[in-house]
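Position 1 is the first residue of the sequence; numbering continues from there. As the structure is a prediction and not an experimental result, all values here were calculated from the model. Values below: all heavy atoms of this structure, side chains included; hydrogens, waters and symmetry mates excluded.
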Amino acid sequence: MSAGELLGLFDAAAEAMILVDPGDAESTAELVACLVAVRDAMGAGDDADHPASIAAACAVRLADGDVTALEGLDRYYAAARAIAERTPRGSGAQPLEQQAASAPAKKLRTKTAPVASPAAVMPLAGDEELLRDFAIRASEHLDDADDHLMALEADAHNPEAVDATFRAFHTIKGMAGFLALDDISQHAHASETLLADARANRTAVPTENIQDLFTAVDRMRLLVAEATSAGVTQSVGTAGEVAPGGQPLRSDTEATARAAISSGREGTVRVEEQRLDGLLDTIGEMVIAESMVSASLRTGLDTASIAVQLDRLDKITRELQQMATSLRMVSLRATFRQMSRLVRDLAHKAGKQIEFVTSGEDTELDKEVVDRIADPLIHALRNAVDHGIESAEERRAAGKPAVGRIELAASHTGGAIHIEIRDDGRGLDTARIVETARDQGLLGSDAVIDDRSVFDLIYEPGFSTAEKVTEVSGRGVGMDVVRRTVDELRGRIELESAPGVGTTVSVRLPITLAIIDGMVARVGDERYVVPILAIERSVRPTPEQLATVQGAGEMLVTDDGLVPIVRLHRHFSTPDAEQDPTQAVVIITSDSGARAGLMVCELLGQQQTVIKPLGDGIPDQRGITGGAIMP
């Protein structure tokens with residue numbers, strides 16, 4: 001084996017060390033195979049003291065469930081690689097494997113095992129691709145640690161939670177050590193010590209240690225984000241400092257931490273192998289179907305036969321569209337896990353007892369929607385904790401349980417995603433909202449509005465009924481962000497509240513942003529697609545349903561109020577359109593509480609439409625989201 005081939009084996013082993021997960025049999029088996037191949041290639045099989053042999057033995061122990069085998073694995077790997085890299089490359093040199101095998105074992109241990117600078121003998125330490133993989137793996141382990149820590153908070157004697165949390169930090173330490181991320185490795189080691197006694201003696205974890213471990217998770221997120229986003233391996237800042245005695249320093253930057261790690265996940269989507277296999281198989285069918293259609297056209301088959309083949313090709317194309325869309329679909333599980341930790345932290349800061357319940361975590365939607373819905377959920381949950389849930393004393397006085405309850409639920413309904421945040425708190429104080437709105441000039445002193453309009457006031461930028469600004473809320477930057485983001489995602493938000501009963505925030509979102517369910521309408525010779533999510537209903541007006549305001553604005557009279565009519569042919573300067581509303585169709589739409597009736601010539605039917613941006617060459621067109629190629 002040449003030196004280049006041997007170093008190639010080292011590189012494969014390096015990648016396997018980064019990707020290994022002690023709980024995953026497949027990744028540990030791959031690591032074992034790579035390190036055994038290195039050991040055999042170096043001729044170290046008969047020398048149990050050779051670093052390559054020790055590294056392979058550590059991998060076998062890891063596969064057997066011994067997570068402590070990660071300890072020092074990077075050092076043995078580095079020592080073995082150092083031997084390989086120091087081997088002479090000249091034509092008269094002894095073969096590489098013989099050089100390694102004939103070297104005295106004692107000399108190897110004293111000179112190569114205690115590597116002072118791993119980065120010096122690990123050229124992959126700054127590899128950007130490995131750093132990205134490390135960031136993804138580390139974030140998954142930290143999410144698991146969050147879950148297990150919350151289980152520990154409920155039951156400090158839970159041995160499974162202790163072991164799982166310890167394993168998360170230990171795995172990160174092993175991966176970070178190999179990549180020469182010393183600050184991360186040291187921080188992980190200090191975090192492990194908080195669990196050492198409870199793990200060794202099977203005793204309860206002290207409450208203060210659990211809180212420090214939550215802080216350690218947040219610090220680790222910052223360290224991982226800073227180290228991997230900058231592509232550096234050292235000097236990642238004071239966030240990695242450890243207090244005397246190995247205790248992690250306390251941190252007040254938990255939200256910061258979640259934002260940092262979320263940015264590290266951008267641009268990455270995990271796809272199940274089964275979905276990729278199905279995609280490849282369907283592409284193969286499409287190639288065959290296309291060749292059959294082309295052959296039929298060349299040979300002049302009858303129209304009926306060609307039509308059958310075109311129908312098959314159309315069916316395959318639709319399947320491909322669905323499969324390609326599914327590749328971007330991710331579950332809400334990771335987002336909901338972050339929200340669980342968020343509510344726990346906010347309740348701790350507010351001194352409130354809150355039970356947080358989630359359902360529908362496996363609901364899937366477009367990754368872009370998942371990424372962008374996180375901020376609205378955070379703001380809505382902050383309001384639920386700070387404004388909604390009362391203190392334990394207030395709840396007891398009101399005849400409620402001392403522990404408040406917040407529910408976060410997701411479901412597929414009517415071709416859309418429904419996300420609800422429900423709390424059993426004090427509900428919205430409509431009188432207080434109206435008073436604040438008048439003080440801020442958002443509402444006239446003599447204006448009279450219904451409850452739904454009152455609720456809409458809380459979406460105004462800067463609006464807040466809080467008497468003082470707290471760490472959690474009070475600056476009026478919250479619900480306006482929620483509505484703006486939901487609007488940008490072509491969704492809808494509704495709010496219901498009852499005094500003393502609680503508040504429910506309902507968000508309805510499209511499953512994917514690339515494809516929408518829409519109603520195709522004709523206006524003159526043009527075709528427009530109106531998103532189904534925005535449509536309430538469509539009507540053909542009668543003369544009695546038409547009215548004007550001061551002889552100008554046209555209105556449609558409905559059972560639930562007046563709706564302004566927008567003649568699309570005027571708005572888009574479309575000729576040859578129907579002028580008489582009683583001979584046209586009015587599509588009643590609603591968006592962010594505002595309603596309008598879009599007047600069109602006729603409805604052509606409902607269909608899924610692939611939306612494309614208009615592009616930089618076309619200026620923004622008011623009323624148009626994008627373009628689509630119609631059948």
Side-chain angles (χ1 to χ4, degrees), residues 10 12-40 42 44-81 108-109 113-115 118 122 133-134 137-138 140-145 147-149 151-152 157-179 181 184-203 205 213 216 220 246:
F10 273 104
E15 185 172 358
M17 288 174 69
I18 294 298
L19 300 179
V20 70
D21 182 346
D24 178 35
E26 185 177 347
S27 65
T28 50
E30 184 176 351
L31 177 61
V32 171
C34 289
L35 290 177
V36 167
V38 168
R39 180 198 66 189
D40 295 343
M42 295 189 74
D46 296 331
D47 183 1
D49 291 327
H50 193 288
S53 297
I54 299 175
C58 287
V60 172
R61 285 170 47 207
L62 183 66
D64 290 337
D66 183 4
V67 295
T68 62
L70 279 173
E71 192 75 48
L73 182 57
D74 57 314
R75 295 198 302 274
Y76 297 119
Y77 167 90
R81 182 159 189 149
L108 289 175
R109 289 197 300 273
V115 180
M122 284 187 277
D133 288 337
F134 167 71
R137 296 279 179 173
E140 292 172 350
H141 286 298
L142 291 172
D143 286 344
D144 288 338
D147 284 348
H148 295 303
L149 283 174
L152 267 181
H157 290 84
N158 189 331
E160 291 81 9
V162 171
D163 290 339
T165 306
F166 182 89
R167 186 163 55 247
F169 282 113
H170 200 80
T171 304
I172 292 173
K173 181 173 75 171
M175 295 188 296
F178 171 69
L179 285 173
L181 297 170
I184 294 177
S185 182
Q186 292 167 11
H187 181 68
H189 181 75
S191 302
E192 287 176 343
T193 62
L194 296 172
L195 292 165
D197 290 341
R199 188 167 180 266
N201 304 317
R202 290 306 183 193
T203 56
V205 181
L213 283 165
M220 184 67 79

[X] versus [Y]: any side-chain heavy-atom pair under 4.5 Å?
X: Ile184; Y: Phe134; value: yes
X: Val205; Y: Thr165; value: no
X: Val38; Y: Tyr77; value: no
X: His50; Y: Arg39; value: no

To the closest 0.5 Å, what do you measure between [atom1] ([X]) and [atom2] ([Y])?
X: Arg81; Y: Phe10; atom1: CZ; atom2: CZ; value: 7.0 Å
X: His189; Y: Phe169; atom1: NE2; atom2: CZ; value: 13.0 Å
X: Asp40; Y: Leu35; atom1: CG; atom2: CG; value: 11.0 Å
X: Glu140; Y: Asp143; atom1: CD; atom2: CG; value: 8.0 Å
X: His148; Y: Arg167; atom1: NE2; atom2: CZ; value: 7.0 Å

- Can you tell me if CD on Glu30 sees more than 12 non-hydrogen neighbours from other groups inside 6.0 Å?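 Count not over threshold, so no.
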
So which atom in [X] and which in [Y] form the shortest heavy-atom distance, rounded to 0.1 Å?
X: Leu31; Y: Ala13; value: CD1-O, 4.1 Å
X: Pro51; Y: Ala80; value: CB-N, 3.8 Å
X: Arg202; Y: Pro159; value: NH1-CB, 3.6 Å
X: Cys34; Y: Ala12; value: SG-O, 3.9 Å

- Just by distance, do the side chain of Ser185 and the backbone of Leu181 share a donor-acceptor pair under 3.5 Å? no

- Item | Ile172: which of Met220, Glu192, Arg137 passes side-chain contact (heavy atoms from CB on, under 4.5 Å) | Met220

- Message: Can you tell me which residue among Leu195, Leu149, Thr203 is in a side-chain contact (heavy atoms from CB on, under 4.5 Å) with Val162?
- Response: Leu195

Under 3.5 Å, which donor-acceptor pairs do the side chains of residues 52-60 form with other protein atoms, sequence neighbours left out?
{"unit_1": "Ser53", "atom_1": "OG", "unit_2": "Ala44", "atom_2": "O", "d": "2.5"}
{"unit_1": "Ser53", "atom_1": "OG", "unit_2": "Asp47", "atom_2": "O", "d": "2.8"}

